[in-house]
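Fair warning: this is a prediction, and the values are worked out from it, not measured in the lab. Quick note on labels: first sequence line is chain A, next is B, and so on, each numbered from 1.
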Protein chains: 2
Amino acid sequence: MQQDLKSELTKQLIIDKAFTLFYENGFKTTSIDKIMKETTLSKGAFYHHYKSKKALGLEVISLKVQKRVLDGMVYPLEETGDALDILEHIFITRLKSFKIYEKEHGCPMNNLINEIGDHELAYQLALKQIIETWKSALIKLIERGKREHTIKPNVSSAAVAVYLISAFEGIRGIRKLYKDDTILEEYVSGLSLYLKQLQA
Amino acid sequence: MQQDLKSELTKQLIIDKAFTLFYENGFKTTSIDKIMKETTLSKGAFYHHYKSKKALGLEVISLKVQKRVLDGMVYPLEETGDALDILEHIFITRLKSFKIYEKEHGCPMNNLINEIGDHELAYQLALKQIIETWKSALIKLIERGKREHTIKPNVSSAAVAVYLISAFEGIRGIRKLYKDDTILEEYVSGLSLYLKQLQA
DNA sequence: AAATAAAGATACTACTTAGTATGTTTTTTT
DNA sequence: AAAAAAACATACTAAGTAGTATCTTTATTT
């Protein structure tokens, strides 16, 4: 196989397996050995492509974790239509569409924020960048809603954005503790109310 | 020293040091050796009092972590006065009163929820119980607010309770990524708005 | 085709981990 | 005061950890 392509495929394979193991079992308790066992490649292969576990962690965050948030929570905000409807759709419909697997294991980003968000500046920056991108996209949509008179003008867009993100990440952690969706439905109900009150 | 008192003091010492290390460095990366080095006692002493690290973790949750939440977030809900004022005071004033240390390291309970909330049923149950207690106390206060006509009657108390808890835990994780309080102030602003809209 | 470099494998080091076995010291019971 | 039990200490085991050194295999360049 062509060398640069082979190298790229191997790195992607490592990143994919690493992401899944980090998500299911946590970052710190996932060893390079466990990751490479999943890829059926060797430890030598890993250290040929990455200089350390930290370097891998950063790539997993900036590639896999970021992509998930962008695809699921950011790009959909850029659609056309009523701003509040879009918010409702993303924060509620999407939450309800999660598989049991995703409900059990929470949000990959939030898991990392709480596990390693205060340990290394590099992780902090990589994770913060995702949050900032998300927040900016939310603010942009809320501002549009104000201009189009579907959202009350006298609310701080940044405040609403931060409050929406906080509650969403919070509930994804808390849901892990439960075996059914009651708590999710209560969150959805609380959020619906919140969004209705933003209506112009 | 009297034996049962000595035993109790040693266990308390271990739990205290364990809580701090779990909080600062995470549960999984805190070893029994590190904990016992802090106590200046030996590993033998540890395994005389606890049968495993898991047993210690459960005691830390049900004693230290639970106590913190009860003292800071639950008991104050039982005070007399306007229900919304109490909510505002606890969720806002308290958040602002946190030391840099607590802002940097987030919420001990939320850290544990996200680090080990999906790993062991026993941890899940212990953490869930704290959330349920908190939620019940919030519902009780909101119900009182409705009876006293300070809170709108047509909102679901459980939904509001869950939404408040979610956002609070969420922001305490997210704050870890930042070096200043801007994000906290935006959260507070978003929450203020939310509470005002609950006013009867 | 030969030389070179990248990709990957194997075997290691030095260290950390939870937990155990067995010892000594301190307190309590008789 | 002697015996028993609890509190604690020391030294270990077996398994796991990140990372390195050195090898073989595969692809690229000349």
Side-chain angles (χ1 to χ4, degrees), chain A residues 1-61 112 115-116 119-123 126, chain B residues 1-61 112 115-116 119-123 126:
Chain A
M1 199 194 295
Q2 210 179 312
Q3 211 164 56
D4 53 349
L5 176 68
K6 191 177 185 181
S7 174
E8 194 47 49
L9 285 175
T10 298
K11 287 181 81 173
Q12 267 305 323
L13 180 65
I14 293 173
I15 289 177
D16 284 354
K17 298 296 183 185
F19 170 80
T20 303
L21 288 172
F22 290 164
Y23 182 41
E24 292 175 0
N25 308 317
F27 178 77
K28 291 186 236 166
T29 41
T30 298
S31 64
I32 304 301
D33 288 288
K34 285 176 191 159
I35 295 166
M36 295 317 285
K37 197 171 180 180
E38 285 290 306
T39 63
T40 67
L41 289 173
S42 69
K43 206 164 188 172
F46 176 82
Y47 281 99
H48 179 74
H49 292 284
Y50 293 98
K51 80 172 229 293
S52 65
K53 186 183 175 183
K54 181 178 165 184
L56 172 66
L58 289 173
E59 284 234 327
V60 168
I61 293 172
L112 288 171
E115 191 187 348
I116 58 173
H119 283 334
E120 286 258 18
L121 181 64
Y123 296 134
Chain B
M1 199 195 294
Q2 208 180 313
Q3 212 164 56
D4 53 350
L5 176 68
K6 190 177 185 183
S7 173
E8 194 47 47
L9 285 176
T10 300
K11 288 181 79 175
Q12 266 306 323
L13 179 65
I14 293 173
I15 288 177
D16 284 353
K17 297 296 184 187
F19 171 81
T20 303
L21 289 172
F22 291 164
Y23 181 43
E24 291 175 1
N25 309 317
F27 178 76
K28 291 185 234 167
T29 40
T30 298
S31 64
I32 304 302
D33 289 288
K34 285 175 194 161
I35 295 166
M36 295 317 287
K37 195 169 183 181
E38 285 290 307
T39 64
T40 66
L41 290 172
S42 69
K43 206 163 188 172
F46 175 82
Y47 282 97
H48 179 74
H49 292 284
Y50 293 97
K51 78 173 228 294
S52 63
K53 186 183 175 182
K54 181 179 165 182
L56 172 66
L58 289 172
E59 285 233 325
V60 168
I61 293 171
L112 288 170
E115 191 187 348
I116 59 175
H119 284 335
E120 286 258 17
L121 182 62
Y123 297 133

**Student:** Examine the base of dA6(C) for any acceptor or donor lying under 3.5 Å from a partner atom in the side chain of Lys6(A), and report the outcome as yes or no.
**Tutor:**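 Absent.
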
**Student:** From the options dG19(C), dT10(C), dA7(C), select the nucleotide whose nearest atom is closest to the side chain of His49(A).
**Tutor:**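 So the side chain of His49(A) is nearest to dA7(C).
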
**Student:** For the residue pair Lys11(B) and Tyr50(B), would you count it as a cation-pi contact if the rule is NZ or CZ under 6.0 angstrom from the ring centre and within 45 degrees of the ring axis?
**Tutor:**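 Yes, a cation-pi geometry holds between Lys11(B) and Tyr50(B).
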
**Student:** Roughly, in whole Å, what's the span from CD1 in Ile35(B) to P in dA18(C)?
**Tutor:**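 In whole Å, dA18(C) P and Ile35(B) CD1 are 8 Å from each other.
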
**Student:** Send over the distance from Tyr47(B) OH to dT17(C) P, rounded to a whole Å.
**Tutor:**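 Distance check: Tyr47(B) OH to dT17(C) P gives 11 Å.
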
**Student:** Below 4.0 angstrom from OP1 or OP2 of dG8(C), is there any side-chain N or O of Ser42(A)?
**Tutor:**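 So the side chain of Ser42(A) is outside the cut-off, no N or O lying under 4.0 Å from OP1 or OP2 of dG8(C).
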
**Student:** Out of dA6(C), dT17(C), dG8(C), which nucleotide sits closest to the side chain of Lys34(B)?
**Tutor:**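 That would be dT17(C).
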
**Student:** To the nearest Å, give me how far apart OH (Tyr50(A)) and P (dA7(C)) are.
**Tutor:**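 So the two atoms are 12 Å apart, to the nearest Å.
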
**Student:** Could you tell me the separation between the CD1 atom of Ile32(B) and the P atom of dA18(C), rounded to a whole number of Å?
**Tutor:**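 It is 5 Å, rounded to the nearest whole Å.
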
**Student:** Just checking Thr39(A): base, sugar-phosphate only, or nothing, at a heavy-atom cut-off of under 4.0 Å?
**Tutor:**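 No contact.
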
**Student:** Using chain B heavy atoms and a threshold of under 4.0 Å, write down where along DNA chain D the contacts begin and end, 5' to 3'.
**Tutor:**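 Range of nucleotides touched by chain B: dA6(D) to dT10(D).
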
**Student:** How long is the line joining CG of Leu41(A) and P of dG8(C), in whole Å?
**Tutor:**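 Rounded to whole Å, this separation is 6 Å.
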
**Student:** Listing request: all salt bridge (Lys or Arg N to Asp or Glu O under 4.0 Å) pairs with a residue in residues 29-48 of chain B, at least two apart in sequence or in separate chains.
**Tutor:**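 For residues 29-48 of chain B, and leaving out neighbouring residues, the salt bridge (Lys or Arg N to Asp or Glu O under 4.0 Å) pairs sorted by first residue read Asp33(B)-Lys43(B).
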
